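Let me begin by presenting the structure, written as structure tokens, before commenting on it.
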Amino acid sequence: DSLGDCLFNSLAFNLGVTITDPQYLRNEIANYIDANKGRFVDAAIAEDTVVFGNGSSAYKFVGFSEYIDLIREPGAWGNHLSLVAVAEMYSRRIAILKDGQQGLAEHDIIVPDNIEQGSEPMFVFYTGGHYLPMIQIGDMDGNQVLNCLREKYEALSGSSRLNPGE
């Protein structure tokens, strides 16, 4: 992975897209966020910083258009807005498994409003500073895996929330 491209490479892997240049998916995400400014502007402005490369440099920005310009730059880290955009673009849930956490909390699953019933979720693993793709082995049903991970988290945390997107 080139520095700053791990989220885009992980998402491309989940989408079954072979890309040699993560810039393609980065631009698609930026285009989607820009085209849906009304939905994303407040969250984008709240971010106020875009991190680059190995995390040692970050740029403060002012305004939505500057945010869009910065996230198009090679090496810019993807963030929660990138994940939401991909979930909406492909009508699929995205589960973010975190290092050291057992199971999935409700807030670790991005559920787009336009989810297609029965669509396979995407899984990414987040170490706290790096994203890795997760692969499905054999005939495993991604929705069953998602439910098992959710149940494990609920059992460990004592939570009994309803499952979103069902």
Side-chain angles (χ1 to χ4, degrees), residues 1-101 104-116 119-135 142 146 149-150 153 161 163-165:
D1 260 324
S2 297
L3 294 176
D5 294 333
C6 61
L7 177 61
F8 305 101
N9 288 331
S10 295
L11 291 169
F13 182 86
N14 271 276
L15 293 167
V17 177
T18 303
I19 57 172
T20 55
D21 181 7
Q23 193 63 35
Y24 172 79
L25 188 56
R26 182 188 304 280
N27 283 329
E28 290 296 306
I29 291 168
N31 291 342
Y32 184 84
I33 292 172
D34 195 23
N36 293 278
K37 180 179 180 178
R39 276 204 9 77
F40 289 101
V41 66
D42 291 339
I45 298 300
E47 291 278 330
D48 93 346
T49 304
V50 174
V51 179
F52 283 83
N54 64 3
S56 62
S57 61
Y59 295 91
K60 291 259 184 201
F61 62 88
V62 179
F64 185 76
S65 61
E66 188 176 4
Y67 170 77
I68 294 296
D69 290 343
L70 282 172
I71 63 170
R72 286 185 194 282
E73 291 292 319
W77 285 17
N79 58 18
H80 186 74
L81 293 183
S82 304
L83 290 163
V84 170
V86 168
E88 290 181 6
M89 289 164 58
Y90 292 93
S91 304
R92 292 173 64 187
R93 287 175 289 179
I94 299 176
I96 305 134
L97 285 90
K98 296 177 181 168
D99 194 20
Q101 177 178 308
L104 278 171
E106 188 174 323
H107 62 268
D108 295 326
I109 305 167
I110 298 170
V111 182
D113 291 338
N114 62 342
I115 187 169
E116 292 180 13
S119 65
E120 286 287 319
M122 293 183 267
F123 294 91
V124 294
F125 183 74
Y126 184 61
T127 66
H130 185 64
Y131 284 95
L132 297 165
M134 295 187 68
I135 60 170
L146 190 63
L149 289 168
R150 222 186 265 142
Y153 182 82
R161 295 184 185 143
N163 295 336

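Just so it is clear, the structure is predicted and the values come from calculations on it, not from any experiment.
Residue F13 comes nearest to P133 through the heavy atom pair CD2-CB, 3.5 Å, listed as atom of the first residue, atom of the second, then distance. Annotation for L83 and I94: closest pair O-CD1, 3.3 Å, computed over non-hydrogen atoms. Closest heavy-atom contact between V124 and S10: CG1-CB, 3.9 Å. The two atoms that bring F8 and R26 nearest to each other are CE1-NH1, 3.1 Å, heavy atoms only.
Every residue was checked against the side-chain contact (heavy atoms from CB on, under 4.5 Å) condition with D42, not counting sequence neighbours, and none meets it.
From L11, atom CG reaches atom CD of E28 across 13.0 Å, with rounding to the nearest 0.5 Å. Taken to the nearest 0.5 Å, the CG atom of N14 stands 10.5 Å off from the CD atom of E120. From L7, atom CG reaches atom CG of L25 across 8.0 Å, with rounding to the nearest 0.5 Å. To the nearest 0.5 Å, atoms CD1 (I110) and CD1 (I115) are separated by 11.5 Å.
Atom CG of D113 is surrounded by 12 or fewer heavy atoms from other residues, nucleotides or ligands within 6.0 Å.
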Per-pair distances, 0.1 Å, donor-acceptor, side chain in residues 66-81, under 3.5 Å, sequence neighbours excluded:
| from | atom 1 | to | atom 2 | distance (Å) |
| --- | --- | --- | --- | --- |
| E66 | OE1 | V62 | N | 2.8 |
| Y67 | OH | N79 | ND2 | 3.2 |
| R72 | NH1 | N31 | OD1 | 2.9 |
| R72 | NH2 | N31 | OD1 | 2.7 |
| W77 | NE1 | G53 | O | 2.7 |
| N79 | OD1 | L81 | N | 3.0 |
| N79 | OD1 | S82 | N | 3.2 |
| N79 | OD1 | S82 | OG | 3.4 |

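Side chains of F64 and D34 form a contact here, defined as non-hydrogen atoms less than 4.5 Å apart.
Looking only at atom types and distance, the side chain of D99 has no donor-acceptor partner in the side chain of T127 under 3.5 Å away.
In this pair, Y131 and Y126 present their aromatic rings tilted. The plane angle is within the 30 to 60° band.
Between the side chain of N114 and the backbone N or O of S91 there is no donor-acceptor pair closer than 3.5 Å.
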